[in-house]
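Naming: A, B, ... by sequence-line order, numbering from 1 per chain. Every heavy atom of this structure was used, including side-chain atoms; hydrogens, water molecules and symmetry mates were not.
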Number of protein chains: 2
Amino acid sequence: MSKDRGRRASRRGSGRPTIADVAKLAGVAAITVSRALRDPSLVSAELRAQIDTAVVQLGYAPDPNARALASSRADVIGVLVPSLTNIVFADTVRGIYDELGESPLQIQMGNTHYSPREEERLVRMFLSQRPSALIVSGIDQTQTTRKLLETAGCPVVQIMEHGDDPVDMLIGFSHFEGGKMATNHLLEAGYRRIGFIGARMDPRSQRRLAGYRWSLEEAQLFDPRLVTTTLTPSSVSLGGQLLADTLAKAHDLDAVFCNNDDLAMGVLFECQRAAIAVPHRMGICGFNDLDMMRVAYPPLTSVRTPRYEIGRRSVQMVLDRLANRPVSPSIIDLGFELQARESTMR
Amino acid sequence: MSKDRGRRASRRGSGRPTIADVAKLAGVAAITVSRALRDPSLVSAELRAQIDTAVVQLGYAPDPNARALASSRADVIGVLVPSLTNIVFADTVRGIYDELGESPLQIQMGNTHYSPREEERLVRMFLSQRPSALIVSGIDQTQTTRKLLETAGCPVVQIMEHGDDPVDMLIGFSHFEGGKMATNHLLEAGYRRIGFIGARMDPRSQRRLAGYRWSLEEAQLFDPRLVTTTLTPSSVSLGGQLLADTLAKAHDLDAVFCNNDDLAMGVLFECQRAAIAVPHRMGICGFNDLDMMRVAYPPLTSVRTPRYEIGRRSVQMVLDRLANRPVSPSIIDLGFELQARESTMR
DNA sequence: TTGTAGGCGTTATCAA
DNA sequence: TTGATAACGCCTACAA
């Protein structure tokens with residue numbers, strides 16, 4: 001007697017209402033409910049109303065896993081970033097989430113820890129879910145990763161950089177040009193012994209360094225002793241150290257282009273500590289233009305980068321592609337903007 | 001003729017090898033492959049070897065969606081945080097990812113934007129996937145959210161705070177005690193007109209403020225004009241403004257407890273700008289103890305909080321529970337630590 | 001516009 | 001320890 005309540009007193013099930021329950025209550029076939037939910041325009045207004053009522057009444061919510069299994073496509077966008085705490089990527093990821101809003105698309109995030117091998121592992125892992133799209137950081141994937149992405153069968157956006165040979169779509173800016181612009185600015189301000197300090201030295205940092213070098217070589221002012229880099233992750237405290245290291249090699253250093261704003265802040269504090277006048281005896285230029293640069297004492301020059309915007313636009317590109325809308329250019333250079341402030345006004 | 005290659009020339013399929021392909025190659029039943037993959041000890045060594053060979057040969061990878069559908073359980077941990085860019089949560093999320101390592105468990109992250117209603121929406125959304133566990137920030141869920149969590153049917157960890165009535169498990173520290181400790185430190189250092197500046201004023205900020213107030217009232221030194229708060233998100237630039245606002249109300253202000261380190265940094269810059277001597281004319285204490293506090297000029301006192309550790313330990317709690325290991329205490333207070341530095345050495 | 005039939009890839013149930 | 005069978009909940013293909 002206890003076994004015949006409901007049509008099957010058998011074994012499994014989540015207990016939650018299914019599409020069949022909704023269909024029964026609305027007096028239609030399950031497939032009609034499915035259609036009404038995915039694209040209401042496929043179903044007559046009358047049935048749509050009945051279905052909506054039934055959905056609300058039962059508190060029905062589709063099972064994303066069943067949907068993914070049946071359609072061979074998960075409502076998931078895989079996002080791969082090298083770091084979760086680096087403000088650059090945190091801002092970008094925020095843009096991604098914000099642009100997605102209440103879309104049914106989910107984010108599956110992976111932290112590659114700046115390792116191409118880890119990135120490859122994660123791409124494989126993500127691909128096994130047949131995501132709707134993939135957003136990956138940078139353009140320096142391994143050969144294998146690149147091949148995987150090319151045959152992923154879903155939109156792929158590479159973010160943060162600029163280049164002419166993306167896997168599919170690309171949005172970001174040129175770090176080489178960014179490094180060049182910062183360095184040129186320091187040159188124009190009258191500095192001559194311009195150093196570069198950099199931490200982590202991932203591919204983007206390398207390109208900024210290349211831009212710096214290109215600029216100084218053009219001015220015939222390049223000197224390897226002016227450059228101090230480390231693989232250590234970036235931090236404010238590291239900035240001070242790297243400044244000290246550079247000064248030890250080049251006593252007449254009169255400005256530094258810092259790989260990012262944290263380092264620049266560390267340089268500023270170190271200058272205050274050592275009583276080195278900024279900007280007169282030492283010019284400081286950062287990269288990214290975090291809020292604090294504007295209010296530091298003195299205010300610090302930096303290169304403003306469109307991190308948040310990259311996140312939003314990358315999702316727009318994905319959504320356009322998924323909706324079969326044309327993705328105007330599939331390579332977008334968002335550029336950057338130099339914010340000149342007191343720290344480089346000699 | 002073209003229709004009879006393969007056993008079904010029908011319609012769908014991902015093209016990837018399935019468990020049936022592995023089973024056929026290994027000469028066993030599909031369910032045996034399933035078992036061998038999930039728990040090798042359930043299968044004889046002999047078959048296990050055959051299966052492993054077949055898996056490698058075919059490059060087989062299980063379909064997570066099919067698995068989730070059949071088992072009514074997704075290998076997903078839902079994580080809800082109020083912000084992705086606030087370093088506090090970014091560090092915690094990093095801890096979560098790091099502790100998970102190469103576990104097959106995936107993170108599904110949701111950004112509540114400090115909104116309990118948005119949190120509720122996301123909890124519903126996550127629950128529809130039947131996650132293996134849920135990690136949520138704070139203890140101030142709506143009634144409905146709390147009910148949803150209590151009946152979630154999976155482990156639930158509330159993080160970042162301390163309290164005695166968690167939904168299930170809880171790990172964090174007491175923000176009230178943190179506020180009290182910072183304020184007591186300033187009192188002991190000899191400051192008397194101690195202000196509080198706070199941004200965002202989420203529940204945790206409120207509790208730190210309550211701790212501050214409790215401490216000053218005990219010393220009979222509380223004065224509402226010493227407190228300046230705003231709902232605006234925190235930033236370095238805001239710190240300077242809030243200091244100025246507070247000074248306008250209380251000219252004899254001689255120290256500030258800042259709700260977080262960004263504000264404290266802004267206060268420091270504002271003091272430099274206005275030539276207010278730190279720590280003699282103004283003591284500064286922050287909260288969280290970011291790296292930059294240690295190297296600021298002068299170094300800034302702060303309360304070190306175990307953000308990263310909270311992330312790791314919360315995952316450990318989840319994994320213990322999922323493995324049916326006993327979760328020693330299900331409420332863990334990780335505490336915090338005052339880092340006294342020059343900015344409060346009058 | 002709506003419905004029928006059957007499969008997506010895996011695991012739970014029960015039997016051997 | 002192993003296997004046959006039937007779900008899991010939804011969607012594609014095709015037909016009406």
Side-chain angles (χ1 to χ4, degrees), chain A residues 3 6-24 26-51 55 58-75 104 128-130 132, chain B residues 3 6-24 26-51 55 58-75 104 128-130 132:
Chain A
K3 62 183 301 192
R7 53 198 174 296
R8 44 167 158 61
S10 50
R11 48 194 198 288
R12 283 189 286 181
S14 57
R16 303 186 323 164
T18 72
I19 204 169
D21 299 323
V22 176
K24 192 166 300 168
V28 299
I31 185 65
T32 306
V33 176
S34 171
R35 283 198 270 254
L37 260 30
R38 278 175 299 155
D39 184 353
S41 74
L42 293 175
V43 171
S44 66
E46 196 184 7
L47 291 188
R48 212 186 304 155
Q50 295 174 32
I51 290 168
V55 165
L58 294 174
Y60 168 75
D63 180 328
N65 294 118
R67 176 173 278 181
L69 180 59
S71 65
S72 297
R73 194 47 87 202
D75 281 346
S128 80
Q129 296 182 61
R130 296 188 217 90
S132 291
Chain B
K3 63 182 299 190
R7 53 195 173 298
R8 45 165 156 62
S10 51
R11 49 190 197 290
R12 286 183 293 174
S14 59
R16 303 187 323 167
T18 72
I19 203 170
D21 298 324
V22 176
K24 192 166 299 167
V28 300
I31 184 64
T32 305
V33 176
S34 171
R35 283 198 269 255
L37 260 31
R38 280 176 299 158
D39 185 352
S41 74
L42 295 175
V43 171
S44 66
E46 195 183 8
L47 291 190
R48 212 186 305 154
Q50 295 173 33
I51 290 168
V55 165
L58 294 174
Y60 168 74
D63 181 327
N65 294 119
R67 176 172 279 181
L69 179 59
S71 65
S72 299
R73 197 45 88 200
D75 282 346
S128 81
Q129 296 181 62
R130 298 191 214 89
S132 292

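Taking side-chain N and O atoms only, Arg38(A) has a distance below 4.0 Å to OP1 or OP2 of dT12(D). In this structure, Thr32(A) reaches the dG3(C) phosphate: one of its side-chain N or O atoms is under 4.0 Å from OP1 or OP2. In this model, the phosphate group of dT1(D) is not approached by any side-chain N or O of Ser44(B) to a distance below 4.0 Å at OP1 or OP2. Taking side-chain N and O atoms only, Ser34(A) has a distance below 4.0 Å to OP1 or OP2 of dC11(D).
The listed nucleotides are dC11(D), dT10(C), dT4(C); the one nearest the side chain of Arg67(A) is dC11(D). Of the candidates dT11(C), dT2(C), dC10(D), the closest approach to any side-chain atom of Ser71(B) belongs to dT11(C).
dA12(C) atom C1' lies 15 Å from atom CG of Asp39(B), rounded to whole Å. A straight line from CG of Leu37(A) to P of dG9(D) spans 16 Å, rounded to a whole angstrom. Rounded to an integer number of Å, the gap from Arg73(B) CZ to dA12(C) C1' is 15 Å. One atom, CD1 of Ile31(B), and another, P of dT2(D), lie 12 Å apart when rounded to the nearest Å. Rounded to an integer number of Å, the gap from CZ of Arg35(A) to C1' of dC10(D) is 13 Å. Distance CD1 (Ile19(B)) to C1' (dC8(C)): 14 Å, rounded to an integer number of Å. dT2(D) atom P lies 9 Å from atom CG of Leu42(B), rounded to whole Å. The nearest whole Å value for the distance from the CZ atom in Arg16(B) to the P atom in dT10(C) is 8 Å.
Taking each heavy atom of Ala36(A) and Ile51(A) in turn, the nearest pair found is CB-CD1, 3.8 Å. Listed here is the closest heavy atom pair of Ala29(B) and Ala23(B): C-CB, 3.7 Å. Across all their heavy atoms, Tyr60(B) and Leu37(B) have their closest contact at CE2-CD2, 3.5 Å.
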* Would Arg16(B) and Ser128(A) count as a side-chain contact (heavy atoms from CB on, under 4.5 Å) if you check the C-alpha gap in whole Å, the side-chain angles of each, and the deciding distance to 0.1 Å? -> CA-CA 9 Å; Arg16(B) 303 187 323 167; Ser128(A) 80; 3.6 Å; yes
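Within the nucleic acid shown, Ala66(A) comes within 4.0 Å of at least one base atom, counting heavy atoms only.
Atom OG1 of Thr32(B) is separated from atom CG of Leu42(B) by 10.5 Å, given to the nearest 0.5 angstrom.
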